Amino acid sequence: MEKFPENSKIGLEVHLQVNAGKLFCSCESEGKDAGASFTRVLHSSSGESGSSDISTIYEESRNKTFRYLVSTNSCLVESDEEPPHRINEVALATALRLAISFSSDILERVVVMRKVVIDGSNTSGFQRTSLVSLGGEVSRGRYRSKISTICLEEDACRKIEENGNRITYSLDRLGLPLIEISTEPDLKDAEGAIEIAREIGERLLVTGLLRKGADSIRQDVNFSMGHGRVEIKGVSKLTAISAILENEVSRQKNLEEAVNIWKSRGGPENVSFVVNNAILNGTNSRMIIKAVENGKDILLSRLRNGRGLLKSGEFRIGREIADALKQIGINGILHYDELPAYGITREEKERIIEFLDLGEHDSFLVLLEEQENLEKAQDVINRRIEKILSGDFSETRAAMEDNTTRFMRPLSGSSRMYPETDIRVIEVTPEMIEEARKDVPIPLDELVSQISSEYGISGQDASTLIWNGSLGIFKKMAARGDPKMICRILVQKIPEIERKREIRIPMEHVEELIDFCLSRSYGRYSVERAIDLLSEGMSPSDIESGNFLEPLSESEITDLLDSINDKKNISAISRKMVEITKRPVDNSLIARAIEKLSRK
Amino acid sequence: MEKFPENSKIGLEVHLQVNAGKLFCSCESEGKDAGASFTRVLHSSSGESGSSDISTIYEESRNKTFRYLVSTNSCLVESDEEPPHRINEVALATALRLAISFSSDILERVVVMRKVVIDGSNTSGFQRTSLVSLGGEVSRGRYRSKISTICLEEDACRKIEENGNRITYSLDRLGLPLIEISTEPDLKDAEGAIEIAREIGERLLVTGLLRKGADSIRQDVNFSMGHGRVEIKGVSKLTAISAILENEVSRQKNLEEAVNIWKSRGGPENVSFVVNNAILNGTNSRMIIKAVENGKDILLSRLRNGRGLLKSGEFRIGREIADALKQIGINGILHYDELPAYGITREEKERIIEFLDLGEHDSFLVLLEEQENLEKAQDVINRRIEKILSGDFSETRAAMEDNTTRFMRPLSGSSRMYPETDIRVIEVTPEMIEEARKDVPIPLDELVSQISSEYGISGQDASTLIWNGSLGIFKKMAARGDPKMICRILVQKIPEIERKREIRIPMEHVEELIDFCLSRSYGRYSVERAIDLLSEGMSPSDIESGNFLEPLSESEITDLLDSINDKKNISAISRKMVEITKRPVDNSLIARAIEKLSRK
Amino acid sequence: MPENDNLPDGSVIHFTLKGRNLKGTVLGRRDQYLSIKLESGYNIMAIPDKITKIEKGRVSMKVETEYPKESGEGINISVISTGGTIVSKVDYTTGAVFPSLDITEITSRFRYMERSYHIRNVPFLNILSENMEPEQWMNLARKILEESRKSEGIVVSHGTDTMTYTASALSFLFRELSVPVIMVGSQRSSDRPSTDSYLNMEAAINFASTDFGEVGISMHSSISDERISLLRGVRTRKMHSSRRDAFRAIGESPVGYFQEGLVNLSGNYSKKSEKTTMFDRIEKRAGILYFHPGIEIDDLSGYLEKKMGVVIMGTGLGHISTKFIDVLKEYTDSGRIAIMTTQCIYGTTDLDVYTTGRMLSRAGVTWAGNLLPEAALAKMMVVMGNYPEFEWQKRMRSNMRGEIVEREELGVF
Amino acid sequence: MPENDNLPDGSVIHFTLKGRNLKGTVLGRRDQYLSIKLESGYNIMAIPDKITKIEKGRVSMKVETEYPKESGEGINISVISTGGTIVSKVDYTTGAVFPSLDITEITSRFRYMERSYHIRNVPFLNILSENMEPEQWMNLARKILEESRKSEGIVVSHGTDTMTYTASALSFLFRELSVPVIMVGSQRSSDRPSTDSYLNMEAAINFASTDFGEVGISMHSSISDERISLLRGVRTRKMHSSRRDAFRAIGESPVGYFQEGLVNLSGNYSKKSEKTTMFDRIEKRAGILYFHPGIEIDDLSGYLEKKMGVVIMGTGLGHISTKFIDVLKEYTDSGRIAIMTTQCIYGTTDLDVYTTGRMLSRAGVTWAGNLLPEAALAKMMVVMGNYPEFEWQKRMRSNMRGEIVEREELGVF
């Protein structure tokens with residue numbers, strides 16, 4: 001395991017999905033495919049004056065077509081066919097509650113901005129985002145971190161497929177409210193980052209408004225160790241933070257070492273490709289043959305002094321170059337270190353070495369690409385090498401499944417932002433803040449012990465209720481009696497039956513029927529019976545009207561026992577009685593009835 | 001061959017399609033399938049007071065669904081989705097011209113009526129028709145007939161398919177203007193009817209406005225021989241009139257004879273069906289088995305005194321009954337005379353005879369039909385038998401392919417008509433009549449000899465020009481010179497090339513190119529060359545701009561001869577020269593050039 | 001031809017015309033021309049040469065329309081007619097078309113109808129729908145209220161021209177509905193065999209027996225006689241002058257369909273309530289203004305004064321020439337109301353997006369999403385009639401009867 | 001905070017806000033609030049605790065929009081802008097969005113555009129389209145006439161709100177056209193990456209190089225960035241307030257399409273003529289009246305007097321309450337013109353069918369098939385301005401520019 005360097009600085013941007021519909025329209029949080037789609041291209045307004053944001057241009061150059069799958073929770077707003085509606089009041093109130101909870105200072109005016117993102121993940125070509133509060137602090141255990149800002153923004157589309165220049169997205173996630181909490185880079189190690197991120201996530205969880213699902217909490221991690229800030233996007237699992245940061249530390253160390261070697265050899269010259277389609281005549285390499293068939297040219301360039309640095313030992317400059325090229329849609333790059341391979345023989349490699357007149361430490365690059373893209377590719381490679389050589393490794397990187405990271409784009413500057421003119425400036429009134437103050441989320445462990453002691457349930461159960469999102473219904477029902485029973489239903493019975501039958505039982509139905517039972521003083525057996533019937537697909541109104549929930553009285557049980565021979569197995573008797581009457585039975589009443597009978 | 005009875009009376013209703021677009025909208029005469037369709041049902045306003053028209057009710061009872069194939073020459077008017085537009089002025093003027101031609105008195109006001117027809121052949125459920133003139137006379141050779149009325153009406157849909165209760169029509173023919181010329185029943189034999197019908201058709205032909213195509217002239221024939229009027233619908237070929245009328249004479253004679261026999265035996269009693277699904281238990285008849293499988297019941301009835309009259313010798317009362325049943329959608333009827341057959345054995349027939357307790361002259365009917373239709377079927381059969389027994393054979397019948405006729409419906413009365421409220425009453429102004437008088441069609445033979453003598457072409461050619469519909473263009477072109485050449489092109493060249501290549505050469509292109517040639521004094525060879533090029537798919541503008549039509553001059557020919565060795569076969573030389581120059585050649589010029597060369 | 005002058009309509013005459021002897025029934029006259037129905041059924045308009053004989057007795061030109069006031073057995077449905085011809089009949093003797101209220105013409109076509117529904121025929125008005133006035137909306141609502149105590153569903157037959165105005169007005173007038181109120185009309189009049197009235201009415205009666213607690217419209221879904229849509233009154237517009245499928249839900253899907261005897265509803269509607277209650281006033285002084293280039297401030301001056309409220313049909317998201325801003329500000333300052341709708345028909349208004357919109361908004365002009373102009377007019381008349389002035393703007397913006405579609409999906413344009 | 005009052009826009013300040021030190025650029029102020037763009041790019045509106053430092057120099061709040069007056073090589077196309085923003089740009093320093101006329105933003109996206117077209121940029125007006133007035137139609141027509149002598153095709157960029165009015169007016173103003181006149185706009189403004197303006201303009205330039213001799217409109221066919229429709233100006237309406245595909249041909253199909261760099265026209269259009277000629281007068285005194293229940297005779301009295309002609313948007317086939325018949329008769333008797341259109345938008349008018357229609361017809365009201373209200377208004381202004389009074393009615397009924405669809409097919413509704 002890599003040691004974290006002394007000068008490490010770690011900051012977080014935690015994004016929390018708020019389960020309260022969409023931020024700028026009336027669509028619901030969840031939706032499924034609606035069976036329609038449309039396609040778009042995006043144009044950057046590339047002639048902006050002032051500091052044009054290089055990341056924008058980078059993405060623009062990709063020249064992609066985006067296909068959007070319409071979801072049942074999308075409307076003209078997500079399709080970018082209608083102006084956004086007014087802001088979701090619940091989402092805004094939730095952001096205010098979190099801000100208060102973290103002692104962050106709320107701004108009196110919220111200005112909605114457009115942040116240009118033209119990778120297609122937003123149909124409009126921008127993400128709506130607004131600064132809600134400044135400053136604050138979050139702590140957990142021995143860790144403590146300053147908050148810089150809390151923002152309320154829209155989530156982006158969910159990527160479904162990427163196929164060459166055509167990317168498919170779903171609209172289902174687009175427009176969900178995200179609360180973004182950014183910390184100062186004041187953490188020193190991965191464990192601290194994990195703890196702080198966890199604390200932030202739990203604070204929304206406690207409100208009951210954290211959306212369920214895999215991507216409900218996502219974090220970006222900012223990291224620096226002296227080579228500039230790297231922003232690692234899309235870390236979805238907290239536990240991955242350690243591995244990712246360790247890998248990033250190695251990468252930067254190795255890169256630093258490779259750069260030193262390269263410089264010591266005299267450094268590179270500018271890469272400059274020449275076309276030589278004949279050089280591999282007669283090759284058996286399927287990769288080459290196919291490329292040529294597809295109209296690609298063979299571009300060759302010397303890479304002065306680069307031998308062994310592109311891929312050998314721990315050195316991976318080849319990958320840095322390839323990742324940069326991928327951003328402009330160019331994939332076919334080969335280099336000295338990896339050959340012979342891909343069907344290219346040692347002899348063919350020699351031909352290239354000879355053709356390019358390589359020196360002892362020189363490497364080469366082979367690009368399979370149309371000649372017309374030569375200059376663009378050359379430019380990207382040279383800029384990439386120049387940046388690495390400068391020792392400034394700052395950039396935006398994407399977290400991968402295997403906990404490595406890949407180059408994504410240069411760091412975004414402020415120059416991607418301009419105001420969302422379709423939405424008026426939102427006034428945060430004292431009344432709104434007053435309202436938010438009434439219900440400020442407390443830390444999860446505090447809440448757990450509070451619930452546990454208030455209702456007499458275990459801490460484990462209290463925690464499960466919170467994570468399930470069923471604390472709200474629990475509190476409502478528990479106020480009417482028998483918290484333990486209700487807890488058991490919510491924590492055990494329902495999750496179990498949902499798992500077994502692979503269904504979702506709507507919470508509002510559960511609520512309706514528990515209410516029905518409690519108002520008639522029916523007990524646990526009736527409630528369990530109600531859940532069973534719901535899980536079989538009956539509607540609450542059918543269940544209520546059909547007298548399915550009134551438990552059998554002792555006298556009814558006694559009467560029924562007449563027709564049952566074997567009076568030993570009480571649960572078998574119970575099953576039988578349910579089968580006959582379709583009503584719930586309290587087993588203890590059966591036992592009592594049998595006993596009474598036997599005493600007669 | 002049957003002799004026509006002395007008291008025969010024959011009248012005609014000749015329907016002529018006018019080639020001038022549609023009568024009440026702006027669609028063209030011709031169109032093809034547009035790839036869309038819709039379905040409709042029709043409702044009769046069955047509660048009308050006054051004499052409700054029995055034919056309407058008959059058709060209504062069929063309970064059918066109509067599917068309409070949209071054609072490229074239909075619009076919302078044909079779909080019955082928009083009110084009719086104002087009347088087609090050319091069609092009205094043509095009706096006026098015909099009226100004048102037949103000395104029929106034109107009404108000063110034309111009132112458009114709706115004639116209810118709910119067999120689906122009109123999307124609206126009615127045909128628009130209007131009386132244009134009264135009286136008049138038509139004669140040909142020794143035949144002479146009085147005209148009763150001339151009407152201008154809409155043509156109906158073209159039937160595409162009939163599949164149980166679902167009938168498919170095309171909208172392409174719907175709304176074409178039809179001129180209906182009705183004669184008094186003053187003809188005595190088929191030949192007269194044919195001659196008069198021909199004369200009427202030729203009179204529209206002469207105007208150049210008779211639509212081309214198989215159904216451009218259709219006639220209904222009214223016939224009576226003492227048993228009431230029979231209206232035979234849809235005689236499309238004139239020559240079929242003889243055979244159809246002869247068959248009708250036999251049918252009525254045989255019917256009369258059968259009725260006499262039946263009456264002499266004491267006549268029938270009312271047919272009264274009983275259900276006996278068991279009677280043919282164990283039968284091997286696939287027809288019976290299938291019917292029972294389809295949920296049909298077996299209905300049986302005695303037919304008192306009817307033995308041998310339903311189908312034996314020349315007697316066919318069985319068919320009269322079956323045809324009537326067919327109108328209400330019932331097909332499965334069997335009777336005594338035709339059994340054993342259809343897999344029903346003699347023994348099974350005996351079982352029926354026994355069950356129904358038949359007397360010596362009695363027949364029986366077996367109906368395979370759901371019991372709930374029993375009364376409807378019984379009613380139709382009894383009414384049909386009653387009518388036949390009364391000796392009143394009057395009805396509307398349909399002409400069949402084999403020149404027999406089939407019962408279609410009772411005669412339509414006047415009670416199907418009411419005014420078309422969507423269209424204003426049309427004023428026929430003195431100016432319109434004056435205009436029509438300027439161009440009154442004359443009989444075809446007069447026109448033929450007039451054209452023949454005026455342009456110096458044969459009567460045959462003149463006649464062909466008229467039938468082809470190319471008289472108009474001929475006259476226009478001929479006025480500019482060389483009528484014979486133009487006639488040859490129109491009468492021979494074009495039809496020949498069209499037949500050979502199976503194409504249609506647009507007349508407006510021919511006209512343009514003939515005009516082009518004549519204006520440059522290019523002769524026959526150029527014009528023929530133009531037709532050839534058109535037939536190869538070149539556009540007139542390409543032909544004109546490409547110098548393809550200027551004939552080779554004698555000097556050009558002489559020059560070309562240089563390169564040709566064999567100077568014997570002039571038509572081979574001609575072909576070669578066309579091939580090289582793509583220009584027309586006058587063979588006589590080749591001959592002259594060769595001669596001159598040989599004399600050198 | 002002095003002899004003609006005294007001929008009453010319905011006389012059966014023998015006459016000569018251009019020398020021919022004819023017989024027919026006199027139907028009327030225009031100038032010197034007699035309109036005569038010949039024996040062949042054709043009508044002619046002509047000046048007879050001579051009338052040779054006038055038969056005794058006359059054909060009646062007036063048709064008595066008798067019909068059962070109630071029929072069928074099953075669920076009680078009241079069919080209130082306002083002059084839309086549910087069933088027209090043709091008198092083939094004279095060729096006259098006359099309306100009838102004989103609803104059994106429709107119910108008797110299907111046995112299930114006769115067995116399932118007990119129809120109450122309630123004649124109410126007999127006018128052309130273009131002559132419908134706001135007062136009559138009130139009266140009609142009261143009649144529906146009355147019938148709601150006798151029946152489980154109400155069908156209102158109505159001319160199609162202003163049907164959506166009436167449907168909107170009824171929607172706002174009823175605070176609660178214990179019965180479905182289904183409006184029905186026909187685009188092809190019922191005197192023709194191809195009429196759409198039969199199927200529309202069959203569907204309407206079926207819709208009227210559901211738990212739909214709103215004011216709906218029952219009309220053809222397509223030009224085929226296959227499927228009938230149940231459309232929400234406040235979100236529907238007649239979008240074609242003549243087609244059977246002219247009625248379209250704007251910005252949403254139909255609430256349900258009727259096909260092959262079966263009703264299928266989406267669930268996206270208010271269920272009927274325990275009782276029916278209604279507002280009892282209407283403020284008539286409201287109107288619609290269609291903005292267009294060339295409209296002048298002068299054009300509005302007199303007009304606005306007469307109205308307590310005005311629905312503006314602006315362009316796009318809800319714009320009009322900025323020269324009107326001051327006039328409108330003055331207007332709303334005087335306690336009146338101006339609501340912006342869009343002449344695009346489809347899509348929302350939004351006065352937050354463009355400068356002109358923001359200026360209008362500041363001038364006191366109200367906007368309410370995709371509220372339709374016709375629905376806005378009806379809503380305004382009900383709101384102004386029944387709420388205090390200071391609530392008008394808030395009420396106009398609120399979604400009272402589903403008249404504002406909060407989420408416009410892609411498929412509905 | 002008196003110190004703020006003198007801060008000019010564009011000042012770069014260091015300040016404290018709720019105890020935190022921040023830096024940003026002042027963009028403006030509303031009440032006591034300063035609008036400040038922070039270094040992070042976020043704008044805030046706040047009252048700083050204290051301004052600690054004001055940097056020297058200021059960020060310019062005005063953006064100079066420089067653009068080439070001509071560009072590209074090939075066919076000459078004049079692009080006349082009327083205030084529709086062909087290209088907007090964002091100044092990321094201040095976040096300001098500003099219009100630009102730099103058409104090379106579009107043409108330079110595709111090599112074929114630069115090679116095929118020589119674009120002349122012709123700034124003409126800079127107004128919101130809802131402020132367009134009939135006089136400007138005339139001026140625009142004259143500008144087009146002028147450009148038609150220099151270019152082979154004309155593109156007119158225009159705000160979408162009143163684009164179809166202008167397109168109709170131009171259609172009638174030009175008696176002959178030797179160039180295609182293609183109007184183009186955008187429904188999503190061009191300051192956003194998802195704007196439709198680029199593709200609409202690319203198509204417009206391509207349409208402008210065909211033999212189309214009418215006034216057309218180039219807008220999205222669907223919400224996808226795939227296909228652009230060429231629509232006939234006189235038969236097109238903006239039918240949705242916000243969607244890209246808002247522009248619809250009413251009662252007919254689009255004249256053609258542009259897709260993947262290729263133009264495909266149907267052939268159903270007038271070819272361009274040898275020369276361009278135009279009418280040179282317009283009668284402004286015409287307006288549109290939207291009929292609705294509750295409209296009163298009083299409402300019209302002042303209005304009609306001011307207008308030489310009125311377009312009525314009636315119900316259904318063209319009906320209004322019969323109480324207006326006398327007023328209209330008087331109006332048309334005085335030599336003015338009233339033309340009936342339908343508020344259904346789709347479908348024809350027909351005053352021959354119903355009683356009310358026939359009464360209106362007798363009262364002198366004109367009708368012209370499915371002529372659209374907006375086209376009727378423009379046509380009326382041109383007809384009244386250029387023909388003698390006795391020809392008005394006849395001209396309005398005649399089909400001058402394809403504004404009346406003689407055959408409505410099934411697929412177009």
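Fair warning: this is a prediction, and the values are worked out from it, not measured in the lab. Proteins get letters first, then strands, A, B, ... in listed order; numbering begins at 1 in each. We use all heavy atoms of the structure for the numbers below, so side chains are in, but hydrogens, waters and symmetry mates are not.
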What part of Arg188(D) gets closer than 4.5 Å to chain A, counting heavy atoms only: side chain, backbone, both or neither? side chain
Does any heavy atom of chain A fall under 4.5 Å from the side chain of Arg20(D), the backbone, both, or neither of them? side chain
Indicate the atoms forming the closest heavy-atom contact of Met201(D) with Ser157(D), along with that distance. CE-CB, 4.5 Å
Distance-minimising heavy-atom pair for Ile181(A) and Ile150(A): CG1-CG1, 4.1 Å
Residue, of Thr129(A), Val112(A), Val110(A), that accumulates the most heavy atom pairs under 4.5 Å with chain D: Thr129(A)
Ranked by heavy-atom pairs below 4.5 Å to chain D, first place among Ser130(A), Gly135(A), Ser124(A) goes to Ser124(A)
Part of [X] within contact of chain D (heavy atom distance under 4.5 Å):
X	value
Ile106(A)	backbone
Val425(A)	side chain
Leu131(A)	both
Glu108(A)	side chain

Which is it for Arg114(A) and Asp191(D) under the side-chain contact (heavy atoms from CB on, under 4.5 Å) test, yes or no, and what are the steps along the way? CA-CA 11 Å; Arg114(A) 298 171 172 177; Asp191(D) 54 311; 2.9 Å; yes
Report the option among Gln187(D), His240(D), Arg243(D), Arg244(D) that has the most heavy-atom pairs separated by less than 4.5 Å from atoms of chain A. Arg244(D)
Between Lys146(A) and Asp186(A), does at least one N-O distance fall below 4.0 Å, as a salt bridge requires? no
Taking the basic N atoms (NZ, or NE/NH1/NH2) and the acidic carboxylate oxygens, is any pair closer than 4.0 Å for Glu55(D) and Lys23(D)? yes
Would you call the rings of Tyr117(D) and Tyr112(D) parallel, tilted or perpendicular, taking 30° and 60° as the class edges? perpendicular
Mind checking whether Thr164(D) and Met183(D) have side chains closer than 4.5 Å, heavy atoms only? no
